[in-house]
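Please read these numbers as outputs of a predicted model, since none were measured by experiment. All residue numbers in this chain count up from 1 along the given sequence.
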Amino acid sequence: MKNLLDFSQAELSEFIEPKFRAKQIFEWIYKKKAKSFDDMTNLPKDLRENLKQNFYIDPLKKIKSEHSKDGSIKYLFELKDGKTIETVLLPMKEEQIDDNGKIIRHARYTICVSSQVGCKIGCAFCLTAKGGFVRNLTAGEILAQVLYLKNDNDIPYERRVNIVYMGMGEPLNNLENVSKAVKIFTDNDGLAISPRRQTISTSGLSSQIKKLGDMDLGVLLAISLHAVNDELREKLMPINRAYNIASIMDAVRNFPIDMRKRVMFEYLMLDGVNDSLNDAKTLVKLLNGIKAKVNLIYFNPHFGSKFKRPSEENMIKFQDYMSAHGVTCTIRQSKGIDISAACGQLRERSKNESA
């Protein structure tokens with residue numbers, strides 16, 4: 001059987017007659033939150049039976065969810081082949097209600113999705129890579145994460161969410177399925193999530209950044225940089241041997257970006273490793289000519305890591321220097337640390353661990 005979520009509306013219309021049935025199926029899945037083909041009551045019974053025999057729409061089974069004190073929720077999902085992935089719901093802004101009980105601002109959410117089971121990049125500070133690379137997720141398995149979290153948290157269809165491809169895996173090592181997921185997400189008969197609400201994060205695969213740019217999907221780009229010289233970056237991120245900092249900067253300069261937006265550079269601060277003012281000075285030079293935003297991220301400790309969390313003082317000094325030299329720079333307060341849902345903490349788990 002095939003995962004129906006792997007198909008775009010155009011692909012469905014190629015083998016479902018008449019073609020308008022594909023639009024109805026899309027609406028049932030993405031707008032009306034159908035849990036089964038039996039729910040799709042405006043489809044002929046014989047079509048529903050045919051769909052049941054050949055497709056499924058539930059590629060994820062929730063093993064458990066963990067709730068952080070900051071409101072984040074981490075989900076552990078089992079795939080059809082028994083492999084597991086993690087997905088995180090991040091509350092960004094709380095709902096605001098006036099004295100008359102009227103909602104004056106709706107809650108806003110970001111969903112951090114995984115694109116692979118495991119990861120082959122092997123960053124020294126990341127827990128995901130410890131289990132190695134297992135396989136790519138299909139487009140439908142990526143889509144299902146957002147669909148499940150929206151439904152499970154009663155986020156209305158018309159309430160758009162932001163999607164960040166920052167979970168398990170290197171998205172650009174699964175570019176075919178990630179780009180397909182981006183396109184299906186944007187379908188107006190589906191979840192209708194604008195590409196400008198989707199951010200693809202990469203460890204800096206220069207050639208793949210170029211391919212992504214050539215696709216001109218309209219997505220935002222985030223670069224996991226984490227070091228300002230090749231020597232240190234190779235120690236932290238072995239992928240730098242194949243894609244050095246200069247090649248990354250060249251690829252970024254040629255990446256098509258909405259004039260209202262910036263390329264995001266993620267910079268994980270490691271105490272005594274990359275958090276000095278000299279590092280800040282070099283980073284300013286590297287970003288010269290790039291419309292950039294730098295996110296400084298506290299290292300999130302995990303068992304067995306040799307790295308330490310930087311001091312708040314060093315974080316602020318680094319940020320102040322960047323800002324004073326014309327670079328938009330923020331300190332990102334990691335969410336979900338208490339449930340191991342923050343950056344670099346996601347990983348595949350065994351059934352014994354998830355019990």
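- Taking the ring axis of Tyr243 as reference, the NZ or CZ atom of Arg241 does not stay both within 45° of it and closer than 6.0 Å to the ring centre.
- Using a 4.5 Å heavy-atom cutoff, the side chains of Asn254 and Lys210 are not in contact.
- The two residues Val228 and Ile245 make their nearest non-hydrogen contact at C-CD1, 3.6 Å.
- In this structure, the side chains of Ile29 and Met40 come closer than 4.5 Å at one or more pairs of heavy atoms.
- Counting heavy atoms from C-beta on, the side chains of Arg309 and Asn300 come closer than 4.5 Å.
- Heavy-atom minimum distance, Ser72 versus Leu90: OG-CD2, 3.7 Å.
- Using a 4.5 Å heavy-atom cutoff, the side chains of Asp152 and Leu89 are not in contact.
- Nearest heavy atom pair, residue Met168 against residue Thr84, reads CE-O, 4.0 Å.
- A distance-only check finds no donor-acceptor pair linking the side chain of Glu78 to the backbone of Ile63 [under 3.5 Å].
- Under the 30°/60° scheme for interplanar angles, the aromatic rings of Phe318 and Tyr267 are found to be tilted.
- No more than 12 heavy-atom neighbours from other residues, nucleotides or ligands sit within 6.0 angstrom of CD on Glu176.
- In this model, a donor atom of one side chain and an acceptor atom of the other lie less than 3.5 Å apart for Ser276 and Asp279.
- Between Arg135 and Glu141 there is a salt bridge, since at least one side-chain N of the basic residue sits less than 4.0 Å from a carboxylate O of the acidic one.
- Closest approach of Ser203 to Ile248, counting heavy atoms only: O-CD1, 4.4 Å.
- In this structure the side chain of Asp189 never reaches within 4.5 angstrom of the side chain of Tyr30, judged on heavy atoms.
- The local environment of CD in Glu231 is sparse, with at most 12 non-hydrogen atoms from other residues, nucleotides or ligands closer than 6.0 Å.
- No side-chain heavy atom of Asp58 sits less than 4.5 Å from a side-chain heavy atom of Tyr148.
- Side chains of Thr330 and Gln319: no donor on one and acceptor on the other come within 3.5 Å.
- No donor-acceptor pair closer than 3.5 Å links the side chain of Tyr75 to the backbone N or O of Ile85.
- Here Lys317 pairs with Glu313 in a salt bridge; the nearest charged N to carboxylate O distance falls below 4.0 Å.
- In this structure, Tyr321 and Leu283 have side chains that are not in contact, with every pair of non-hydrogen atoms separated by 4.5 Å or more.
- A donor atom on one side chain and an acceptor atom on the other are not found under 3.5 Å apart for Ser115 and Asn174.
- No donor-acceptor distance shorter than 3.5 angstrom exists from the side chain of Gln145 to the backbone of Thr87, with no hydrogens or angles considered.
- No more than 12 heavy atoms of other residues, nucleotides or ligands sit less than 6.0 Å from atom NZ of Lys235.
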Go through Asn42 and Glu27 one step at a time and tell me if the side chain to side chain contact (heavy atoms under 4.5 Å, CB included) criterion holds. CA-CA 11 Å; Asn42 63 346; Glu27 290 178 339; over 6 Å; no
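- Of the listed residues (Gln198, Lys261, Arg196), just one forms a side-chain contact (heavy atoms from CB on, under 4.5 Å) with Val219, and that residue is Gln198.
- Taking the side chain as every heavy atom from C-beta outward, Ile73 and Leu149 never approach each other to under 4.5 Å.
- Contact between Ser201 and Ser224 at its shortest, heavy atoms only, is OG-OG, 3.6 Å.
- Phe20 forms part of no hydrophobic cluster, judged by ILVMFWY side-chain heavy-atom separations under 4.5 Å.
- Remark: Lys2 is not positioned above the aromatic ring of Phe7, lacking an NZ or CZ atom under 6.0 angstrom from the ring centre and at most 45 degrees off the axis.
- In this structure, the side chain of Arg253 does not engage the main chain of Gly289 through any donor-acceptor pair within 3.5 Å.
- Heavy atoms only, all atoms of each residue included: Ile200 and Pro171 are closest at CG2-CB, 3.9 Å.
- Identified under the salt bridge (Lys or Arg N to Asp or Glu O under 4.0 Å) test for residues 262-276, with sequence neighbours left out: Glu266-Arg332.
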